[in-house]
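Just so it is clear, the model here is predicted, and its values are computed rather than measured. Hydrogens, waters and symmetry mates are skipped; everything else that's a heavy atom, side chains included, is used. Lettering follows sequence order; numbering is per chain, from 1.
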Amino acid sequence: MRADWWSCDGGGRSRTAHLERPEISRRALLGTAALGAVWWMSARNALSQVAVRPRSREGNTLVVIFLRGGADGLNIVVPYGDGDYFTHRPTLAIAAPRNGAASEKDRSLDLDGFFALHPAMKDMHGLFHSGKLAAVHACGSGDKTRSHFDAMSVMERGAFEGSSGSISSGWLARYLNTTADAAHDKPLRAVALSATMPDSLRGAPGAIALETVSDFALNIPGDAGTYVEAKATLESMYAPSKDAVQSAGHQTLTVLDTLNRLDLKSYRPDNGAVYPKSDLGDGLKGVAMLIKAGVGLEVACLDRGGWDTHFGQGGSTGLQAGLLSDLSACLAAFAADLGTLSSQVTTVAMTEFGRRAKENSTLGTDHGRASVMFLMGGGIRGGKVYGKWPGLREDQLEDPGDLKVTTDYRTVLGEVLEKSTAATAQNVFPGLTAGTLGILRDMNQRMVPTPASSLDG
Amino acid sequence: MEVNRRDLLKLGAAAGAVALLQGCNKLLEPVEADPLAQKLPEPREVQPELRLLNRVAFGPTADDLHSISHLGREGYIDQQLKASQSNSLGMNVRLSQLDVVQLEPSDLLDLPREEVIRQLQQAGILRAVYSKNQLQERMVDFWSNHFNIYSRKGDTAFAKGMQETETIRKHALGSFPKMLDAVAHSPAMLEYLDNSENAKGVPNENYARELMELHTLGLGGGYTQRDVQEVARCFTGWTIETRFMRPQGHFRFDETTHDEESKVVLGERIPAKSEYADPSVYRGERDAEIVLHKLANHRSTARFISRKLCRYFLGEESPKWIDDISATYLRTGGDIAQMIRPLLLSKDLDKAPPILKRPFDYMVSCLRVAGAQTDAGEAVQKHLATMGEPLYEWPMPDGYPDKTAAWSGTMLPRWNFAFALAAGQVGGTEKPKLNAAQISVLANAPVLSQNDELASALCLASPEFQWR
C-alpha cells in the first residue's frame, strides 16, 4: 500500500487530502493515518530545535492595504458640506446625513459636520467615533498622468512624481532596511498576502508572498522518508542570498519551518471578531495570526482591487458600496481580533488616485487626482478628518476637473514611520520636506508590553 | 502527443555529444541587473536548442528537439512563424468538446459563468501544452496579456473565447494594426473597458486611456489628458449588439449615442457632421477608425511594442534590438512575424539573460518536459491559480506582470505542483511517461535522488527550471 497523498506540515499534524481515487479503501486510509503518527513523532523531534523568536520589544507592525484601481474618495468620505459636490454628481451623490428627502439607509454617516462616511461603512463609522480611525482627505502624489500603473508605481516606490527615476526600491523595503532587525535574515519580517510581490516591497531582503497563511504547507506524495529527502534536497538546492529565485526558495523553506510550528488551522479570532469571507478578510486574519504568534512581523501588505469604477459605480448601493462594505467589515474584524495588541499595529489604507469630481454619462467616474487615506490603530489620534479641503468649485479643481492634492501622501506615511517606529521619514522618502499633520501620538517614548503569544506552540 | 522514449534518449546522447564537440558552450554574458530585486542567476551553460525552445516554445519536448535537428534553426523558426502545422488528433478532439471553442457568445450565455471560465482556461492550457505551433501560442500569451481581458467582469467571459480566436490567435503572428482594429471591435474589450456604455455627453474615458497607454503609444508616448478625452468622444457609440431579434454579442455602432461634434486627436482635427456639405456621407464610426489608424502607424507604438517584445523574448530592453524591431514595424506596417524573425535567429538570443518563468510558463513547461497527459481541467487550473496566474483573471488592464520581482515572492506552490505531477497526483493528469534521466535532459537540471519519481519532481522544482 502506498500513501496516496501526504501533507506533512512538520508541526506534528499530517493529513490525507485530495484523494483523487475513489476506490481507495477505508483500510488504506487508516494505514495512512498510522504512518502519519510515526511521521508525527519524528517530525516533532527534527523541528523542535527551531524556536519561534519572541516579538521584538520595539516592534510595531505596519499593515498597508492598497486599494487598487483609484478609489473614489469623494463618495467614501463624502464632503456633504461642500454644495458643489451635489452639483457634480446628480445621480451618484451620497445623501447628506440629515437629508430628510433620502431614506435613512441611503444617507451618509456623519463624521464632523462637513464630512460623512458612505452608508456601507457602518463599522468604520463606529471605529472613527471611538477614536480608533482617522481619515486624511485630498491627499495623493504629484503624479498627474492619471495612469493607474504610473501612479501606483510612484506611490509604491515612495516617490512624489514619476520623474523621480532615481528611486527604484519600494518605500517599505527602505523602511525595513532602517529597523533594528535589518541586519538579520529573519523570516516573516515582511509579508505580502498575495501571490505576487508588490513594488512597495521591492528590494526588501527576506520579504515573502504568502497566498495563504494557514495552508502554507509543502505537500510531498509518498512516505515520510520521501518527505525528509525532498525537503533536505530543496534546502541544498535553494541557498540564501544568491539570485532572486534561490533567495525566495530559501526564504520559503525558513518560513515553512516557522509557520509549521504554529497551529494556524485551528486559529479562532478573539473578541468574537468575524472576518468577511473575502480575500481581504482572509488576508487580515492571516496578519492577525502572525502578529499574535510573535514571529517578528514588521510589515504586511495587502491588496484590494476593483476600485476602477468608470461604469456603474453606484451610490449608496452597488459596485463601490460592496467594496466599501467589505473594507469596513474587514477593518473592524481586524481591530476587534487584535484587541489590546491594536496599539502596536498601525494600519494604513491608500489608493493611487481619486476620481473626477463630475460623474460621467455611464453612472461612473473617470480617473482624477486626490483621494482619501485611512489610518487605524497604534498611536492614531482618531475621530478626525485631517488635511486641507481644496473645494469643489470649478475654479478650485485641477484641470480637467479633479480634486486638488493638498496633502502629500508621503507626509502621512512619514509621520506614521517617525512616530510609530524609529525610522527617519527623510531616509525612506528622499526629498520629503518636514511637517506633520499630527495624526499620531509619538509612540517611541513608550515601552510596550510583549504580547501574549496565544498561538505559540 | 506521443513521446517516443527511444528518440528522446538518442537526442539526449546527441545533445551531449554536440556539447562535447563544441568544447565549451557559450557562457552567458553577465548582465547588469537591478541590484535590488532583479537578481539573476549566475551565468551557466545552456544548450542552444534548449534555450531556443525555452524562448520560442513553452519549453522543450522530444518532438521539438527532433524538429530542430531535422529542419535546422532557421527552418524551425520559419515553420513556427508560419504556424500552419496541423495539431494532434488528441488535442483537437479535446478542444472540440469545449463549448467556448464551438459556440457563439450568445449561445454560451446559457452556461454558468464559472463553467465558461473553466473551459476558457482549459482551452488555453491545452493549446499551450500540446500545440505544434508553439510560437503562435507564446504570442497568444503575449497578446492576451497586452490586450488583457478580465473574465470576471460583466459578461466578458462569454465573449473572451471568440475574442481569442478571431482577434488574438488570428493575428498573433500577423498584422498588429489588424489585431488592434479587431480588438477594438471585440465585444470582450468593449465590455471590459466600458466602451460599450460610452456615450456622448460626458464620455467614459476608460478604453480611450488604456488604448493609448497600454495598447499602442505607451505612457509618455506623446498624448495628453486632453487627447484621452477627445479619443473617448471618438469612440462614443462603439458598442455591443443587444437588440431584440438581432444576432447578439457582436459589434454594433450606435449612431444615436455618438458625439458628432468635431474633435482634435494628437493634433489632427476630425470634422463635425455639420461641416459636411452632404451630411448623408458622414459616418460617425469613422472618427474612431481614424484614431486607430493614427495610433497603429505612430512611431511611439512601434517603439512601445518593440520594447515589450524584447523583454518577452530577450529578457532585456536592448536598445539595438528595440531600434531594429521598431524599424521593421514601421517599414512593414506592423508585420509581427517579420518583426521578431531576426531576433529569434540571432545569436543574441543564446546569450540573453535568463527570464523567470511566470506561473503559466512554469506549469506548461513542467507538463511538456515531463511528457504528461493532462485534461487541463479543474485540478490543474487550481494549481495555476495558487501559483498566482489563473488565465484571464488579472483584473487590471496591463496584464500579468513580466517583472522578475513580482513573481519571486515564494516558490512553494510551484514545488507542490512539481511533486504532485511527478507522482501522478494531479487530477485529470497521468503520471509522466518520462523518467528522471529523460526529464533531467529536457529540464537541464541534475538528477538528485535514487528515487525516480522524486528525482523527476526535484528536476522540475529546481532553481534552474524556474528560468527560461
>> Is it the case that the side chain of A:Ser361 and the backbone of B:Ala199 share a donor-acceptor pair, with hydrogens and angles ignored and the cut-off at 3.5 Å?
In response: yes
>> Using only atom types and a distance under 3.5 Å, with no angle test, would you say the side chain of B:Asn416 pairs donor to acceptor with the backbone of A:Leu218?
In response: no
Which bit of [X] is near chain A, if near means a heavy-atom gap under 4.5 Å: side chain, backbone, both or neither?
X        : result
B:Glu210 : side chain
B:Leu214 : side chain
B:Pro395 : neither
B:Leu412 : both
B:Thr386 : both
B:Lys200 : backbone
B:Leu356 : side chain
B:Leu458 : both
B:Ala385 : backbone
B:Gln466 : side chain
B:Pro397 : both

Looking at [options], which makes the most heavy-atom pairs under 4.5 Å with chain A?
options                                : answer
B:Gly409, B:Gly154, B:Pro401           : B:Gly409
B:Tyr150, B:Tyr400, B:Trp407           : B:Trp407
B:Pro203, B:Pro413, B:Pro446, B:Pro359 : B:Pro203

Around atom [atom1] of [X], are there more than 12 heavy atoms from other residues, nucleotides or ligands closer than 6.0 Å?
X        : atom1 : answer
A:Lys358 : NZ    : no
A:Asp303 : CG    : yes
B:Glu317 : CD    : yes

Rounded to the nearest 0.5 Å, what's the gap from [atom1] on [X] to [atom2] on [Y]? Could you check?
X        : Y        : atom1 : atom2 : result
A:Arg202 : B:Lys403 : CZ    : NZ    : 6.0 Å
B:Asn451 : A:Glu229 : CG    : CD    : 6.0 Å
A:Asn219 : B:Gln425 : CG    : CD    : 10.5 Å
B:Glu213 : A:Phe149 : CD    : CZ    : 6.0 Å

Quick one: are [X] and [Y] in side-chain contact, heavy atoms under 4.5 Å?
X        : Y        : value
A:Tyr238 : B:Trp415 : yes
A:Asp243 : B:Trp467 : yes
B:Leu448 : A:Met237 : yes
A:His310 : B:Tyr207 : no

> Could you walk me through whether B:Phe465 and A:Val245 pass the side chain to side chain contact (heavy atoms under 4.5 Å, CB included) check?
Replying inline: CA-CA 10 Å; B:Phe465 195 63; A:Val245 160; over 6 Å; no
> Using non-hydrogen atoms only, which part of A:Ala192 is less than 4.5 Å away from chain B: side chain, backbone, both, or neither?
Replying inline: neither
>> At a 4.5 Å cut-off on heavy atoms, which part of A:Asp399 comes close to chain B: side chain, backbone, both, or neither?
In response: neither
> Does A:Asp366 pair with B:Arg209 as a salt bridge, N-O distance under 4.0 Å?
Replying inline: no
> Can we say A:Arg356 and B:Glu205 salt-bridge, meaning some charged N sits less than 4.0 Å from an Asp/Glu carboxylate O?
Replying inline: yes
> Should B:Asn206 and A:Phe311 be marked as a side chain to side chain contact (heavy atoms under 4.5 Å, CB included) after you check the CA-CA gap, both sets of side-chain angles, and the distance that decides it?
Replying inline: CA-CA 9 Å; B:Asn206 200 7; A:Phe311 167 66; over 6 Å; no
>> side chain to side chain contact (heavy atoms under 4.5 Å, CB included), that's the test. Do B:Thr410 and A:Glu211 meet it? Break it down for me.
In response: CA-CA 9 Å; B:Thr410 177; A:Glu211 213 233 352; over 6 Å; no
Under a 4.5 Å cutoff for heavy-atom pairs, which residue among [options] has the most contacts with chain B?
options                                : answer
A:Gly306, A:Ala207, A:Ser247, A:Ala230 : A:Ala230
A:Thr145, A:Asp150, A:Thr212, A:Leu234 : A:Leu234
A:Glu359, A:Gln246, A:Arg68, A:Met197  : A:Met197
A:Leu201, A:Ile208, A:Val191           : A:Ile208

>> B:Gln225 and side-chain contact (heavy atoms from CB on, under 4.5 Å): which single residue from A:His367, A:Lys144, A:Arg146 fits?
In response: A:Arg146
